[in-house]
Amino acid sequence: MKKSFLTRFFFALTVSCDLNLDGVIDSNDKKKDYNFAVYTSLLSFSCGNAMPCICGDNGIKIIGQKSGGGSCVVRYGCTADGFPYQYSDCSRISHSDWSDVEGGAAVSEGGEITAGENMYDDDVLIDVINKLFTE
């Protein structure tokens, strides 16, 4: 939820998309029959934590390790003489139930891959994906 600087009212934004590309936004666009997952690690933090949190809230499977957390939005600025910089803004992201994403996105049950070499082993990754989508 965000607060408008102009009106001081709180608001939330909901977006609907034509996911099946039939030219109509309707209940058929909410079907989630895609078999894909998001691969995360402890290195998925700050803005990189947003995608797995949003995907997890929408029923997409998370595999790998719990993401590194962080919830601040990164903004860009520029000094008067043209020097660019980035900074963490006071705006924050949250889960769909408004709870904090600071702790990271949890891995889907059965999607855990232990740290180390297993994170980069294609055979381990394929096994986890096959188990998640054949249950």
key: Side chain D29, main chain D26, donor-acceptor under 3.5 Å   = yes

task = Find out if a path of hydrophobic residues (ILVMFWY) with successive side-chain heavy-atom gaps under 4.5 Å connects Y120 to V124.
result = yes

task = To the nearest 0.5 angstrom, please state how far the CG atom of D122 sits from the CG atom of D127.
result = 11.0 Å

key: Shared hydrophobic cluster for Y39 and L42 (ILVMFWY, side-chain gaps under 4.5 Å)   = no

remark   = In this structure, CG of D97 is separated from CG of D57 (nearest 0.5 Å) by 7.0 Å

inquiry  = Within the 3.5 Å criterion, strictly below it, is a donor on T134 or N130 matched to an acceptor on the partner's side chain?
reply    = no

ask   = Can you name the closest pair of heavy atoms from D18 and G23 and give their distance?
value = OD2-N, 2.8 Å

message = Please check: side-chain N/O of E112 versus main-chain N/O of G110, any donor-acceptor pairing under 3.5 Å?
response = yes

ask   = To the nearest 0.5 Å, how far apart are OG in S44 and CD1 in I62?
value = 9.5 Å

message = Keeping S67 on the side-chain end and F45 on the backbone end, is there a donor-acceptor pair under 3.5 Å?
response = no

request  = Please report the C-alpha distance between N28 and V24 in whole Å, then the side-chain angles of each, then the deciding distance to 0.1 Å, and finally whether the side-chain contact (heavy atoms from CB on, under 4.5 Å) criterion is met.
outcome  = CA-CA 9 Å; N28 292 329; V24 179; over 6 Å; no

task = Any chance you could measure M119, atom CE, to Q65, atom CD, to the nearest 0.5 Å?
result = 4.5 Å

Donor-acceptor contact below 3.5 Å, side chain T40 vs main chain K66 = no

request  = State the OH-SG distance between Y85 and C78, to the nearest 0.5 angstrom.
outcome  = 7.5 Å

inquiry  = How about CE on M51, more than 12 heavy atoms from neighbouring residues, nucleotides or ligands closer than 6.0 Å, or not?
reply    = no

ask   = Can you check whether V101's main-chain N or O pairs, donor with acceptor, with N49's side chain at less than 3.5 Å?
value = yes

message = Pair F133, K61 - check side-chain contact (heavy atoms from CB on, under 4.5 Å), show working.
response = CA-CA 9 Å; F133 291 111; K61 297 189 185 289; 4.0 Å; yes

request  = Carefully, step by step, assess I63 and V38 under the rule side-chain contact (heavy atoms from CB on, under 4.5 Å).
outcome  = CA-CA 6 Å; I63 58 176; V38 176; over 6 Å; no

note = Here the gap from T114 atom OG1 to D121 atom CG, rounded to the nearest 0.5 Å, amounts to 9.5 Å

task = Go through the steps to decide whether I113 and V107 satisfy the test side-chain contact (heavy atoms from CB on, under 4.5 Å), and finish with yes or no.
result = CA-CA 9 Å; I113 298 177; V107 175; over 6 Å; no

